Amino acid sequence: MLRCQGQTALGGTFEVPFEVAPPPEEDDSPSQLPSQVLSQLPLTQVWSKAPQPWQMPKTHYVALEHHQAYKENNLDQRLSHASQSRQRDCYTQNHNLTRDHQTEGHFYHQDQMCNADDQEEQAYQEGGLGTQGHQVHPGHVMHHQATRDHQIYTRASQSRQQQAVSHTMQGHRLQRGRFPVQLTSASCLNSSGREASAAGNQQRNASGGGMLRPVADIPAQYRSLFSQFPFFNIVQSTVFPDVFESDRSVVVSAPTGSGKTVVMELALVRLLITRDSCPPSDHPPQPARVVYMAPMKALVTERYLDWRQRLAPLNLTCAEITGDTEHDDITVIKNSQVILTTPEKWDFLTRRWRDHASLMQAVSLLLIDEVHVLNDEGRGPTLEAVVSRMKTIRATRPTHGNLAASPRLRFVAVSATIPNAEDVAAWLSDDPTPAVFHKLEESLRPVKLRRVVLGYDCRDNWTDFRFDLSLNYRLSGVITNYSENKPTLVFVSTRKAAQSSATTLAKEARLIRDAAHKQLLTTVANGLRDNKLRECVMYGVGFHHAGLVMGDRRHVEELFIAGQLPVLVATSTLAMGVNLPAHLVVVKSTTQYVGGAYEEYSSAQLLQMTGRAGRPQFDTHATAVIMTKNKHKVKI
Ligand SMILES: Nc1ncnc2c1ncn2[C@@H]1O[C@H](COP(=O)(O)OP(=O)(O)OP(=O)(O)O)[C@@H](O)[C@H]1O
């Protein structure tokens, strides 16, 4: 009888007895982790990321005696990270693995290793790693092996695993699509309202739900869209069956930075595949169109710039149609397959839709980003009107013989902060095919986020403006304490505050790394139009708000994304979805000036702002610091 030990999220320990099944005699197919073990695991425990020995095919089965070598050599050691194939070689050659001789010279640095005591932290990171694919250490995922008294971790090369998934690794078979990352039961609620346990999840979805789906599951001609990573992350993999393998409308509520753009791209590819699958003779007069709607022009522009480039190889033409663009919008729509717009602009364009009925009826996919604006008193009604009108247009659509050639209008709505995803799904539903919803919890955020709330005194005679000003002088200390010398984004409520905070920081903080850094910043600063911005950038601080000319904004964004601008102070409008991620996010004061008075940020606004913390490509963890009045501290 073996025992698996570990720590729970609440700091307690757990111990689960289990037996290891003997290696399968005849059958080469993987067996499963004993269900009694799974059922006893704490909910917060992210479990193994690679096949356990008892899940491996016979030829991969590793007798426990070989693990004794690990155990004896590593009792007080940090954990070893070995590529799966190397491990197999080691095992079959019965190598004794020593600390410095692991994996035939493939020794991993101490800082890439973890201690069994850090199991929960590591498990969390691995959840992130699994979801990011390349997060903790590019190309590696964790293989988690329990022994009698000690947890031993090994790392398996992700690329090897991918090969295994595609059945090419040394001729051994692992089940396609069953990339071994399991969801914690508390973290996933599907539209049937059931929580799925790790084991239950596997059973629920034998086609691979609960496992990371490889990009190889997408037909080859569309894979270029997902070339940056080998696997869809845990959020994307969870919704994959509903988004990519069905035509139902879907609502996805998932944490900030969890890759919801890819979810929309999966729906887009699904539409292309459906269209491509039918003979050209069956096609209706208008080609199928996709409309992407986001509540902010900045977000639309960002998506347009990205998709224009990435969708071009798929022969898709994108068009950005917002209030800012001045051209014959209808002609532009006719000439494009993907239209990126705001609800307000689409509302305007579709009011007289009967004048261009066939054009509007050709919209087959409506992607709604940041769908939580439905809850916004000002903008919600417009979005609601647009969706209702699109439903009407859908209802009037002539049906062509071949459904694949003339797919129904499908809605895919995503957000990080939609509390009532089920209501939105019900609203988007179509009678024969009700929409599904997925609510994925914060624990699935790829980059773990630490939230710190700092309270400050506000004297009785101070106005909110005065309090806000006083925080300028605290910023430098907060950044020094929490940034780990990594890029920091500071959110403020007004343009004026952005400029004044940046100016104070430029005077107080020491952010220049060396002479070369100074030189680079000076060169960029000299190209900026705004005098104040120029002065600040020289000292490593930028500010960003709608009052700046577009060129200045772009330069500052690029400098920040490149990691050369240590601090960027921005107005809170930048928070929603715009991809300027930082290691540290500071929310300087929780009040904003609206309609002539100060009011507290809503929790959704705070979530959007703090959600910018954590750059999946660079960070395994991130920090968000919220600076507020002492009296408000408890409320946040
Ligand atoms: N499967 C994946 N593996 C690795 N990185 C990924 C994966 N999917 C997405 N990413 C990266 O994660 C980052 C965040 O993605 P995205 O902007 O789509 O998140 P989001 O959920 O829309 O966030 P927000 O709610 O903040 O707008 C991007 O840099 C993207 O390239």
Side-chain angles (χ1 to χ4, degrees), residues 222 225-226 232 235-236 239-240 242-244 246-254 258-275 287-308 310-311 314 316-322 333 336-347 349-350 360-374 379 382-384 386-391 393-394 407-418 421 424-425 427-430 433 435-438 576-579:
Y222 305 107
L225 200 52
F226 311 108
F232 294 109
V235 166
Q236 295 150 0
V239 304
F240 193 93
D242 285 325
V243 175
F244 189 71
S246 110
D247 288 316
R248 299 170 77 180
S249 292
V250 185
V251 179
V252 176
S253 171
S258 61
K260 294 185 287 294
T261 309
V262 168
V263 171
M264 293 188 280
E265 288 165 358
L266 282 170
L268 194 151
V269 172
R270 163 85 185 177
L271 177 68
L272 297 180
I273 293 171
T274 312
R275 293 276 311 178
R289 288 199 167 75
V290 178
V291 172
Y292 165 90
M293 273 190 324
M296 284 168 53
K297 286 180 200 166
L299 202 50
V300 174
T301 305
E302 185 187 65
R303 187 79 349 268
Y304 168 70
L305 293 174
D306 181 43
W307 277 356
R308 184 180 59 172
R310 288 173 53 231
L311 297 181
L314 302 181
L316 294 179
T317 312
C318 296
E320 180 189 7
I321 306 183
T322 62
I333 295 173
S336 322
Q337 288 81 53
V338 182
I339 295 123
L340 299 99
T341 186
T342 57
E344 286 74 14
K345 185 73 182 184
W346 196 245
D347 177 40
L349 286 170
T350 52
M360 295 303 172
Q361 283 161 345
V363 175
S364 304
L365 177 61
L366 183 59
L367 302 168
I368 311 173
D369 205 352
E370 313 290 351
V371 68
H372 60 267
V373 292
L374 269 175
R379 316 191 65 188
T382 310
L383 179 56
E384 214 174 317
V386 167
V387 170
S388 300
R389 192 172 303 130
M390 292 309 290
K391 283 181 171 182
I393 295 173
R394 167 171 69 182
R408 311 174 64 83
L409 170 61
R410 181 187 195 197
F411 297 101
V412 174
V414 302
S415 167
T417 45
I418 181 125
V424 178
W427 174 59
L428 293 177
S429 282
D430 188 12
T433 48
V436 282
F437 72 89
H438 287 268
M576 205 193 283
V578 178
N579 213 1

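For clarity, every value in this text was computed on a predicted model and none was experimentally measured. Residue numbers start at 1 and run along the sequence shown.
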What pair of heavy atoms forms the shortest contact from [X] to [Y], and how long is it?
X      : Y      : value
Leu409 : Leu365 : CD1-N, 3.8 Å
Ala435 : Ala425 : CB-O, 3.3 Å
Lys345 : Ile321 : CG-O, 3.4 Å
Leu383 : Val373 : CD2-CG2, 3.6 Å
Met293 : Pro343 : SD-CA, 3.8 Å
Thr317 : Ser336 : O-CB, 3.6 Å

Any chance you could measure [X], atom [atom1], to [Y], atom [atom2], to the nearest 0.5 Å?
X      : Y      : atom1 : atom2 : value
Ile368 : Trp346 : CD1   : CH2   : 12.5 Å
Ile393 : Arg389 : CD1   : CZ    : 7.0 Å
Lys260 : Ser253 : NZ    : OG    : 8.0 Å
Met390 : Asp347 : CE    : CG    : 11.5 Å
Asp242 : Leu266 : CG    : CG    : 12.0 Å
Asp306 : Thr261 : CG    : OG1   : 7.5 Å

With no hydrogens and no angle check, is any side-chain donor or acceptor of [X] less than 3.5 Å from a backbone partner on [Y]?
X      : Y      : result
Ser364 : Ala362 : yes
Arg394 : Gln361 : no
Thr342 : Ala294 : no
Glu344 : Thr382 : no
Arg289 : Val363 : no
Arg303 : Leu340 : no

Measure the shortest side-chain to side-chain distance between [X] and [Y] over non-hydrogen atoms and say whether it is less than 4.5 angstrom.
X      : Y      : result
Asp369 : Leu367 : no
Leu316 : Leu272 : yes
Val387 : Phe411 : yes
Val251 : His438 : no
Gln337 : Val290 : no
Val269 : Phe244 : yes
Val412 : Leu366 : no

Inset, instruction - Using distance alone, with no hydrogens and no angle criterion, decide if Glu265 and Trp307 have a side-chain donor and acceptor under 3.5 Å apart. - result: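 Side-chain D/A pair, Glu265 to Trp307: present.
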
Legend entry - Pair Ser249, Arg410: side-chain N/O donor-acceptor within cut-off below 3.5 Å: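 Distance-only check fails for Ser249 and Arg410.
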
Legend entry - Worked check of side chain to side chain contact (heavy atoms under 4.5 Å, CB included) between Leu314 and Tyr222: CA-CA 7 Å; Leu314 302 181; Tyr222 305 107; 4.0 Å; yes

Inset, instruction - Report the C-alpha distance between Val263 and Val250 in whole Å, list the side-chain angles of each, state the deciding distance to 0.1 Å, and finish with yes or no for side chain to side chain contact (heavy atoms under 4.5 Å, CB included). - result: CA-CA 10 Å; Val263 171; Val250 185; 6.0 Å; no

Legend entry - Derivation and outcome, side chain to side chain contact (heavy atoms under 4.5 Å, CB included), residues Val371 and Val414: CA-CA 6 Å; Val371 68; Val414 302; over 6 Å; no

Legend entry - N-O pairing of Glu320 and Arg308 below 4.0 Å: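 No, this pair does not count.
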
Legend entry - Aromatic ring proximity Phe226/Phe232, centre distance under 6.0 Å: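 They qualify: ring centres under 6.0 Å apart.
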
